[in-house]
Amino acid sequence: MKSIIRTFVLAAFAAATILATAHSASAQIYSSNASGDHNLGSGGNISVMVLALPYAGTYMLGGQTTIVNTAGNNQEETVYCWISTANGGASVPYGPSSWATAAATGGVITLPLNGSYTATGPTDLWVVCHNFGGAALATYGNITAMLW
């Protein structure tokens, strides 16, 4: 009888250990970085980075992109960035987005892109920006997604 109880306890302990290990390893993280200059001309939309999400599910998003005012006319530049499922496309419903105004020539802003997104299958998420002024550069940034 002791042998059966011992075997049962060891099997239960092993099963609990395996389940705990599988649960703690369930979060999967995907990331994309942008480095280099993406010229944000006036009035157009441009994608500054893309992140491939390989699975369906809900992802927690975190990231930012840095914008430099390069207009050369001492005017402020307002830039709006968002997450899209198409290159240069519209914002996803309720998706992360932000905007800010960079000070005169040489002004730098960092736009946060934090939120969540639910994918129905493999999906590319694009960070798209729109410049309302003369000229700006999207220089560095990253976007990270954690699948729950």
Side-chain angles (χ1 to χ4, degrees), residues 9-148:
V9 169
L10 289 174
F13 179 76
T17 302
I18 290 169
L19 287 175
T21 302
H23 179 70
S24 64
S26 64
Q28 299 172 23
I29 298 175
Y30 307 93
S31 185
S32 177
N33 297 310
S35 61
D37 296 334
H38 299 277
N39 188 3
L40 303 176
S42 180
N45 297 343
I46 186 168
S47 297
V48 297
M49 64 186 124
V50 63
L51 173 62
L53 303 178
Y55 305 109
T58 298
Y59 292 83
M60 296 305 298
L61 304 176
Q64 68 275 328
T65 188
T66 301
I67 309 294
V68 178
N69 181 345
T70 59
N73 59 5
N74 267 348
Q75 298 290 322
E76 295 179 334
E77 297 289 325
T78 299
V79 177
Y80 175 63
C81 295
W82 63 90
I83 301 294
S84 177
T85 56
N87 186 357
S91 177
V92 298
Y94 310 107
S97 64
S98 63
W99 66 273
T101 300
T105 304
V108 177
I109 54 175
T110 299
L111 299 175
L113 296 165
N114 304 315
S116 65
Y117 177 75
T118 300
T120 57
T123 304
D124 287 339
L125 289 184
W126 297 82
V127 175
V128 182
C129 295
H130 178 88
N131 180 20
F132 293 94
L137 290 176
T139 56
Y140 298 98
N142 72 327
I143 188 79
T144 300
M146 183 172 64
L147 178 61
W148 285 67

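For the single chain, residues carry numbers from 1 onward in sequence order. Please read these numbers as outputs of a predicted model, since none were measured by experiment.
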Listed by chain and number, what are the side-chain hydrogen bond (donor to acceptor under 3.5 Å, both in side chains) partners of [X], not counting sequence neighbours?
X	value
S84	none
S91	none
N131	E77
N87	S47

Drop me the distance from [X]'s [atom1] to [Y]'s [atom2], to the nearest 0.5 angstrom.
X	Y	atom1	atom2	result
M49	I143	CE	CD1	6.5 Å
Y59	T123	OH	OG1	7.5 Å
I46	W126	CD1	CH2	11.0 Å
L61	L53	CG	CG	7.5 Å
M60	L147	CE	CG	11.5 Å

Closest heavy-atom contact between [X] and [Y]?
X	Y	value
L51	Y30	CD1-C, 3.9 Å
A86	V128	O-CG2, 4.2 Å
P54	P122	O-CG, 3.4 Å

Result block: side-chain N/O donor-acceptor pairs under 3.5 angstrom for residues 32-40, not counting sequence neighbours:
unit_1	atom_1	unit_2	atom_2	d
S32	OG	V50	O	2.7
H38	NE2	V48	O	3.3

Next item on the list: With sequence neighbours excluded, tell me which residues meet ring pair (Phe, Tyr, Trp, His ring centres under 6.0 Å) with F132.
Entry: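 Scan of F132 (ring pair (Phe, Tyr, Trp, His ring centres under 6.0 Å), adjacent residues dropped) gives H130.
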Next item on the list: List in chain and number order the residues that pass ring pair (Phe, Tyr, Trp, His ring centres under 6.0 Å) with Y80, two or more places apart in sequence or in another chain; answer none if no residue qualifies.
Entry: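 Partners of Y80 by the ring pair (Phe, Tyr, Trp, His ring centres under 6.0 Å) criterion, ordered by chain and then number, come out as W82.
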For residues 106-121, tabulate all N or O donor-acceptor pairs below 3.5 Å that involve a side-chain atom, not counting sequence neighbours.
unit_1	atom_1	unit_2	atom_2	d
N114	OD1	G63	N	3.1
T118	OG1	T58	OG1	3.0

Check: Is there a side-chain contact between T85 and L125, using heavy atoms and a 4.5 Å cut-off?
Finding: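 A side-chain contact under 4.5 Å exists here.
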Cut-off 3.5 Å, no hydrogens considered: what does the side-chain donor-acceptor table look like for residues 133-141, sequence neighbours left out?
unit_1	atom_1	unit_2	atom_2	d
T139	OG1	T66	O	3.4

Note to self: Strictly distance-based, threshold 3.5 Å: is any side-chain N or O of N69 a donor or acceptor partner for the main-chain N or O of A103?
What the structure shows: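 Yes, the answer is positive, given that a donor and an acceptor are paired below the 3.5 Å cut-off.
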Margin query: Applying disulfide bond (SG atoms under 2.5 Å apart) as the test, list every pair that has at least one member in residues 48-148; sequence neighbours left out.
Written below: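 Of all non-adjacent pairs touching residues 48-148, those that pass disulfide bond (SG atoms under 2.5 Å apart) are C81-C129.
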